[in-house]
**Student:** 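The structure follows.
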Amino acid sequence: MLERKTYLNSCSYGALAADVIAALHQYIDDRVEKGTDWNYWVARNDSARQAVADFIGANADEVAVTASASAGINSIASALSFDRPRNKVVISEFEFPTNAQIWYAQERRGAEVVRVREVDGYIPVEQFETAIDEDTLIVAVTQVCFRNGARLDIPAIVEMARSKGALVLVDGYQGLGTFDFDVRKVRPDFVVGGMVKYLLGTAGIGFLYVRRELIDGLVPTVTGWFAQSDIFAMDTTRYDPAPNARRFEMGTPPVVNCYAAEAGLRLLAEFGMPLIERRISELTAEIIAEAKNAGYTLAVPDDPRRHGALVTLRTHDEDALVSWLEERDIVTSSRSGNLRISPHFYNDQGDIDKLYRALRRQRHLLM
Ligand SMILES: Cc1ncc(COP(=O)(O)O)c(C=O)c1O
């Protein structure tokens, strides 16, 4: 992929690594060799769980392997009760739709959703301060905005929410894999993410982290046989949730995707997040500097503490620009009028040069 394309779209899909392709082939080889082996599938699910746990600094029993980030958020929402007075859910204008829609769906169950507004492309912590109060049950926020790349100050938001007695769910889909994030340091209550972007795996698999102390008190009402204490008890007379975060899973796990997820996470671990984070910040700094030199309008804050791996430029016609670049094998994407340029550690200066040479020819489409 990287030989054929200038690939700057990891905010959408990560580039498909040879190791991940090999892992997907391994799934097929295992199927052929083993025939049927459900215990082996459970083991592969557990192995993906362990890989996620190692990656975010959690224990394996705090991690559920899910089919998507949405599945994890839904499971938590189903375990919460939205009784007054603590029925408020604080989200932000930066959320990916799923982390808003699921909470609005809870309004039928008594939730009241409050949306923190952005100010000039950013949401400073003070904006959350006024929204989070003693009635707030949970604050559900993204690490990095999928539209413009702004990065929220998650540690400060976690601290503030906790001081008001509220839970915090972090949507790490646009952040994890681009900077170091350790749940032991930040202490969020929940984290969801998925594997198809910076974690280098594939679609159809995500995860949910739940802080150990909370697990016993949360009994999801969205469930399935893989969430039970004994998966193979096959008991149709009762609900017996697992004593660990597996209780937030549902049906047959996304086994084929577990292979890919593990391979992607292994690759990241081999390079190490400090190195990957440094490389990405060098690349984003360069992309921002080039944009400023060329006089293009950034949609993302240029302060390195306030953006993630995704850099965005304002356009007059996002679709025309993305297609024009695509025809020249430069892969980007767009949202809300912004051209999204999202490097990963596998990109280099040559990719940035090629992109900007191309953009100069389409100056009229950029603001
Ligand atoms: C911030 C964020 N959250 C969630 C998702 C996707 O969630 P799901 O795994 O439920 O499709 C995306 C995908 O683009 C995202 O950018």
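All values below come from the heavy atoms of this structure, side chains included, with hydrogens, waters and symmetry mates left out. These numbers were taken from a predicted model, which means no experiment stands behind them. Atoms within a ligand are numbered from 1 in the order they appear, just like the ligands themselves.
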**Student:** Pick out the protein N or O atoms lying less than 3.5 Å from any N or O of ligand 1, and list each pair with its distance.
**Tutor:**
unit_1, atom_1, unit_2, atom_2, d
ligand 1, 3 (N), D171, OD1, 3.3
ligand 1, 3 (N), D171, OD2, 2.6
ligand 1, 9 (O), A69, N, 2.8
ligand 1, 10 (O), A69, N, 3.4
ligand 1, 10 (O), S70, N, 2.8
ligand 1, 10 (O), S70, OG, 2.4
ligand 1, 14 (O), K197, NZ, 2.7
ligand 1, 16 (O), Q174, NE2, 2.9

**Student:** Checking D83 now: which residues fulfil side-chain contact (heavy atoms from CB on, under 4.5 Å) with it, not counting sequence neighbours?
**Tutor:**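 Applying side-chain contact (heavy atoms from CB on, under 4.5 Å) to D83 gives S81.
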**Student:** Closer than 4.0 angstrom, basic N to acidic O: yes or no for R84 and D135?
**Tutor:**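 The answer is no: the pair does not qualify as a salt bridge.
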**Student:** Tell me whether R117 is salt-bridged to E93, with the criterion being a basic N under 4.0 Å from an acidic carboxylate O.
**Tutor:**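 A salt bridge links R117 with E93.
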**Student:** Starting from L321 and following side-chain heavy-atom contacts under 4.5 Å between hydrophobic residues (I, L, V, M, F, W, Y), which residues can be reached?
**Tutor:**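 Answer for L321: L8, L283, I287, I288, Y296, L298, V300, V311, L313, V322, W324, L325, I330, L339, I341, I352, L355, Y356, L359, L365, L366.
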**Student:** Test question: given the 4.5 Å side-chain rule for I, L, V, M, F, W and Y, name all other residues clustered with L169, or answer none.
**Tutor:**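 I73, I76, L80, F82, V89, I91, I102, W103, Y104, V113, L137, I138, L167, F190, V192, L208, V210, L214, I215, L218, F248, which link up through side-chain heavy atoms under 4.5 Å apart, make up the rest of the cluster.
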**Student:** Is it true that R49 and D46 make a salt bridge, defined as a side-chain N closer than 4.0 Å to a carboxylate O?
**Tutor:**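 Here R49 pairs with D46 in a salt bridge, since their nearest N and O are under 4.0 Å apart.
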